[in-house]
Amino acid sequence: ERIGMIVGTAGHIDHGKSTLARALTGVDTDRLPEEKRRGISIELGYAFMDVPATADRSATRIGFVDVPGHERLVHTMIAGATGIDHALLLVAADDGVMPQTREHLAVLSLLGIDQGSLAITKIDRVDAARLQEVRTEIDALLQGSALAAAPRFAVSSVDSAAGDGIDALRRHLWAAARAFAQRARPQRDANAAFRLAVDRAFSLPGVGTVVAGRVQSGQVRPGDELALLHDGESRSVRVRSLHANNRAADLARAGDRCALALPGLELAQVRRGDWLCTPAIALTATRIDVALTLWHDEAKPLRGGTTVHLHLGTADVMASVAPLDGDAIAPGQTALAQLLLREPIGAWHGERGVLRDASASRTIGGLRVLDLVRFYCRMPGW
């Protein structure tokens, strides 16, 4: 059984995320002409790396989701981070800890991602004293976080003479993927309803519209009938063919990065933020009850009526917060709340999400979905 681990890069702009992904996998994750011209990631990028089999572990694959680091593209970073198993946080040795390093760490923490590694990049540009300064900054940054004990690797993606950090990091990720496959196997319930959060849609000649994302639960095969949740409506689609972890396959299961060819669907009819799911669970809502955690670094409590950006799955919608345990939620506190959404989205019990402020300038909290819709029944004679 091949169970892939999805690794997501995180870190400030120009700290070497795409370059490191290329050094590890041999794949350039910056595919757009604008990304090539400007030398920065704008969209989500993808690459895969085979993990060699061992005497007691079969071969598996690692999928990399390379996210942008620019402050204006945090919404894209969150869309990629919602589908990862292992965080690879980068800090450039010449810059040190920067604003998006902190915000990306907040996003990872609020999404409940507690498995990860840290790479100190561009070590060929600094001396030993500066490298030690950055290590100290990182220790302070990660103190008290879920990644506090994450192993650190000092690497240069362009100068092999600077050390063997790339090979050491690659071997570490191989070991982490093998351990993840063993740990995750009992959790992959084939009988669970299928759900996939769409993070990419494109058209291929002779194939038509293809949608891609991380399979959140269940499994899918060619020929399956699915529901596409788009703009609050459900549309029936059929899977013609699929790729799992960048290879043609006849089955994709929870944890795989998956691309599905959907005949008869126009590209304009699907976008990032939509869901593909088993028709029986196709449901959207404009109100959801959540357990909401306000990030501990927030300066003020989160008061009722506050407008926020809700990032759930790969969607980004505006919402208003209504605390259910008082008038406000204090920094570091977890409390019950209801979110009133400006537009309908798909959500299911247990989904993790992130809140950003109304101007989308900072991450302020995280949440776990408790209830999508409350049903009230009026029976005859009541």
Side-chain angles (χ1 to χ4, degrees), residues 10 71-72 74-79 81-83 87 99-100 102-114 143-147 195 197 216-217 229 231-232 273-275 281 283-378:
E71 62 180 334
R72 295 181 180 177
V74 172
H75 63 285
T76 303
M77 179 270 173
I78 297 173
T82 56
Q100 263 51 66
R102 299 182 184 279
E103 183 161 21
H104 285 197
L105 177 63
V107 169
L108 297 171
S109 300
L110 292 165
L111 287 174
I113 298 168
D114 58 3
Q143 186 175 10
S145 77
L147 299 181
R195 291 186 292 118
Q216 303 285 11
S217 70
L229 300 182
D231 285 345
D274 294 346
W275 284 90
I281 65 166
L283 183 66
T284 63
T286 55
R287 289 174 180 251
I288 54 176
D289 291 342
V290 301
L292 194 159
T293 301
L294 189 62
W295 186 236
H296 60 80
D297 277 345
E298 278 297 288
K300 301 177 182 178
L302 181 63
R303 301 198 175 278
T306 301
T307 299
V308 296
H309 281 264
L310 166 64
H311 297 266
L312 192 64
T314 54
D316 173 7
V317 300
M318 302 299 293
S320 296
V321 179
L324 300 178
D325 292 334
D327 297 329
I329 302 172
Q333 179 186 6
T334 299
L336 297 178
Q338 188 171 94
L339 298 180
L340 286 69
L341 313 181
R342 303 272 179 88
E343 56 188 276
I345 63 170
W348 291 268
H349 175 79
E351 286 289 333
R352 302 293 292 259
V354 170
L355 297 181
R356 304 190 79 217
D357 69 321
S359 62
S361 62
R362 71 183 192 282
T363 296
I364 63 173
L367 60 91
R368 182 169 59 87
V369 175
L370 301 177
D371 189 19
L372 182 58
V373 176
R374 295 182 178 183
F375 293 96
Y376 296 92
C377 298
R378 182 180 296 271

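The first residue of the sequence shown is numbered 1, and numbering continues consecutively from there.
When side chains are defined from C-beta on, L111 counts as touching V354, because their heavy atoms get closer than 4.5 Å. With a 4.5 Å cut-off on side-chain heavy atoms, L312 and L367 count as touching. Residues W295 and R362 form no side-chain contact, since every pair of their non-hydrogen atoms from C-beta on lies 4.5 Å or further apart.
Exactly one residue among V290, V308, T293 makes a side chain to side chain contact (heavy atoms under 4.5 Å, CB included) with L355. That residue is V308.
Interatomic distance, E351 CD to S217 OG, rounded to the nearest 0.5 Å: 8.0 Å. Expressed to the nearest 0.5 Å, how far CG of L340 lies from OG1 of T286 amounts to 7.5 Å. Taking NE2 of H311 as the reference point, atom CZ of R352 lies at 15.5 Å (rounded to 0.5 Å).
For W348 (side chain) and I281 (main-chain N/O), a donor-acceptor pair under 3.5 Å exists by modelled atom type. A distance-only check finds no donor-acceptor pair linking the side chain of H309 to the backbone of M318 [under 3.5 Å]. Not a single donor-acceptor pair under 3.5 Å links the side chain of E343 to the backbone N or O of D231. In this structure, the side chain of T284 does not engage the main chain of I345 through any donor-acceptor pair within 3.5 Å.
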| field | Residue pair V321, L339: steps toward the side chain to side chain contact (heavy atoms under 4.5 Å, CB included) verdict | value | CA-CA 5 Å; V321 179; L339 298 180; 3.8 Å; yes
